[in-house]
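See structure below.
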Amino acid sequence: MSDTKPVVVFVLGPPGAGKGTQCERIVDTYKFKHLSAGDLLRAERNSGSETAELINGYIKEGKIVPVAITIELIHKAMEAHDGNLFLIDGFPRNADNFDGWAERMGDKVDARFVLFLDCDEETSTQRCLQRAASSGRVDDNVESLKKRHRTYEESTMPVIDLFRKEGMERRVDASESIDAVWEKVKEIFAEAGFTA
Ligand SMILES: Nc1ncnc2c1ncn2[C@@H]1O[C@H](COP(=O)(O)OP(=O)(O)O)[C@@H](O)[C@H]1O
Ligand SMILES: Nc1ccn([C@@H]2O[C@H](COP(=O)(O)OP(=O)(O)O)[C@@H](O)[C@H]2O)c(=O)n1
């Protein structure tokens with residue numbers, strides 16, 4: 001992490017909305033460091049650490065891992081990076097994530113906005129099931145997806161509402177093609193003053 005306050009953009013949306021897909025393009029174009037909370041948690045689970053089994057249980061059930069674990073992983077990854085621009089994907093996903101971040105990181109970073117990639121449950125489910133063929137993820141199946149959607153509606157949507165009230169939400173209709181979504185995402189980053 002550099003000496004100046006790290007700049008953070010959060011990326012939220014239902015499972016399979018295309019967060020990872022758009023983040024790849026944002027990284028290539030605007031030189032952000034992409035930190036996916038889900039990827040960090042899966043890597044920690046695969047490391048066989050003492051929290052591995054606990055994390056796996058939460059992921060299979062589509063539940064949100066306690067914030068202390070997730071923030072520790074995000075913070076470590078931020079510390080290990082030289083640059084100043086961070087794209088934090090899939091976080092904060094519930095009130096526990098939101099409050100934990102505010103308490104531990106809130107005054108240490110310059111959080112600019114939340115990119116909200118929004119699509120309906122049907123689109124989200126189809127994309128995750130299509131991804132299942134190559135992702136090898138334990139949660140890209142119909143049963144886990146139903147639970148993930150309930151978690152999204154009950155826990156993540158209220159967090160997005162909070163950001164909206166703070167004027168930080170930037171919504172994009174993510175049901176369009178990857179290229180069409182990308183055009184809108186670029187407009188949002190340009191408006192926020194980021195240059196390619
Ligand atoms: N706009 C889109 N239209 C069609 N398929 C998409 C779109 N965006 C992403 N995908 C595909 O849907 C799946 C889920 O995308 P991903 O970026 O992994 O979503 P998330 O990170 O939100 O879970 C992937 O197989 C990806 O290639
Ligand atoms: N902030 C977060 C993000 C993900 N997760 C866990 O990781 C799973 C996968 O999240 P992800 O962001 O990789 O995937 P999508 O649900 O967006 O496709 C979630 O269903 C949660 O179980 C979490 O506990 N806390």
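Note that ligands are numbered from 1 as they come in the structure, with each ligand's atoms numbered from 1 the same way.
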Does ligand 2 come near enough to L41 that some N or O of the ligand is less than 3.5 Å from an N or O of the residue?
no

Residue-level breakdown please: for N97 versus ligand 2, do any non-hydrogen atoms fall below 4.0 Å on the side chain, on the backbone, on both, or on neither?
side chain

Atom CD1 in I71, atom CG in D96: separation rounded to 0.5 Å?
8.5 Å

If you measure every N/O of D39 against every N/O of ligand 2, is any gap under 3.5 Å?
no

Check the hydrophobic clustering (I, L, V, M, F, W, Y; side-chain heavy atoms under 4.5 Å; chains of links allowed) and say if V114 and L35 are grouped together.
yes

What part of D139, side chain, backbone, both or neither, has a heavy atom within less than 4.0 angstrom of ligand 2?
side chain

Would V65 count as a polar contact of ligand 2, with the cut-off being nitrogen or oxygen pairs under 3.5 Å?
yes

Run the side chain to side chain contact (heavy atoms under 4.5 Å, CB included) check on T51 and V65 step by step: do they pass?
CA-CA 10 Å; T51 52; V65 173; over 6 Å; no

Under 4.0 Å between heavy atoms, the region of R137 that gets near ligand 2 turns out to be side chain

Would you mind listing the cluster partners of V11? Hydrophobic ones only (ILVMFWY), side-chain contacts under 4.5 Å, chaining allowed.
V7, V9, I26, V27, Y30, F32, L85, L87, F113, L115, L117, V172, V181, W182, V185, I188, F189, F194

Carboxylate-amine/guanidinium contact R25 D28, below 4.0 Å
no

Any atoms of ligand 2 less than 4.0 Å from a non-hydrogen atom of R131? List them with their elements.
18 (O)

Ligand-side contact atoms (ligand 2) for residue partner I59, heavy atom cut-off under 4.0 Å
7 (O), 22 (O)

Show which atoms of ligand 2 fall inside a sub-4.0 Å distance from at least one heavy-atom site of G16.
18 (O)

Can you tell whether the side chains of R104 and E72 come within less than 4.0 Å, N to carboxylate O?
yes

Please name the pair of heavy atoms, one in A17 and one in R127, separated by the smallest distance, quoted to 0.1 Å.
O-NH1, 2.9 Å

Shortest non-hydrogen contact from C128 to R148?
SG-NH2, 4.1 Å

Should K5 and D107 count as an ion pair when the cut-off is N to O under 4.0 Å?
no

Protein heavy-atom partner closest to atom 12 (O) of ligand 2 - residue, atom, separation in Å
R93 NH1, 2.8 Å

Does T70 reach ligand 2 with a nitrogen or oxygen that is under 3.5 Å from one of the ligand's nitrogen or oxygen atoms?
no

Evaluate T156 against N97 for side chain to side chain contact (heavy atoms under 4.5 Å, CB included), listing each step before the verdict.
CA-CA 10 Å; T156 311; N97 277 187; over 6 Å; no

Does ligand 2 come near enough to S36 that some N or O of the ligand is less than 3.5 Å from an N or O of the residue?
no

Can E183 and K186 be counted as an ion pair, charged N to O under 4.0 angstrom?
yes

Shortest protein heavy-atom distance from atom 17 (O) of ligand 2, along with the residue and atom involved
K19 NZ, 2.7 Å

Checking contacts here: is it the side chain or the backbone of K63 that comes within 4.0 Å of ligand 2, counting heavy atoms only? Could be both or neither.
backbone

With heavy-atom distances below 4.0 Å as the criterion, list the atoms of ligand 2 near R42.
9 (C), 13 (O)

If you measure from the Lys or Arg side-chain nitrogens to the Asp or Glu carboxylate oxygens, is any gap between D89 and K19 under 4.0 Å?
no

Would you call E61 a ligand 2 contact, heavy-atom distance under 4.0 Å?
no

Show me which atoms of ligand 2 lie under 4.0 Å from any heavy atom of A37.
1 (N), 2 (C), 3 (C)

Ligand-side contact atoms (ligand 2) for residue partner Y58, heavy atom cut-off under 4.0 Å
22 (O)

Report the member of R148, R45, K147 with the shortest heavy-atom distance to atom 20 (O) of ligand 2.
R148

Indicate yes or no: does E191 engage R170 in a salt bridge with an N to O separation below 4.0 Å.
no

In terms of hydrophobic clusters joined by side-chain contacts under 4.5 Å, are Y152 and L145 together?
no

Starting from the N and O atoms of ligand 1, collect every protein N/O partner closer than 3.5 Å and put each pair on its own line with the distance to 0.1 Å.
unit_1, atom_1, unit_2, atom_2, d
ligand 1, 1 (N), R127, NH2, 3.4
ligand 1, 1 (N), E176, O, 2.8
ligand 1, 1 (N), I178, N, 3.2
ligand 1, 3 (N), R127, NH2, 3.2
ligand 1, 17 (O), G20, N, 3.3
ligand 1, 17 (O), T21, N, 2.8
ligand 1, 17 (O), T21, OG1, 2.6
ligand 1, 18 (O), R131, NH1, 2.8
ligand 1, 19 (O), G18, N, 3.2
ligand 1, 21 (O), G20, N, 2.9
ligand 1, 22 (O), A17, N, 3.2
ligand 1, 22 (O), G18, N, 3.0
ligand 1, 22 (O), K19, N, 2.8
ligand 1, 22 (O), K19, NZ, 2.9
ligand 1, 23 (O), G16, N, 2.9
ligand 1, 23 (O), R131, NH1, 2.8

Heavy-atom nearest neighbour in the protein, as seen from atom 1 (N) of ligand 2, with distance rounded to 0.1 Å:
G90 O, 2.9 Å

For the residue pair Q126 / Q130, report whether a side-chain donor-acceptor contact shorter than 3.5 Å exists.
no

Where ligand 2 meets F91 - atom numbers and elements under 4.0 angstrom, heavy-atom basis
1 (N)

Could D139 and K63 be called an ion pair, given the rule that one side-chain N must be under 4.0 Å from one carboxylate O?
no

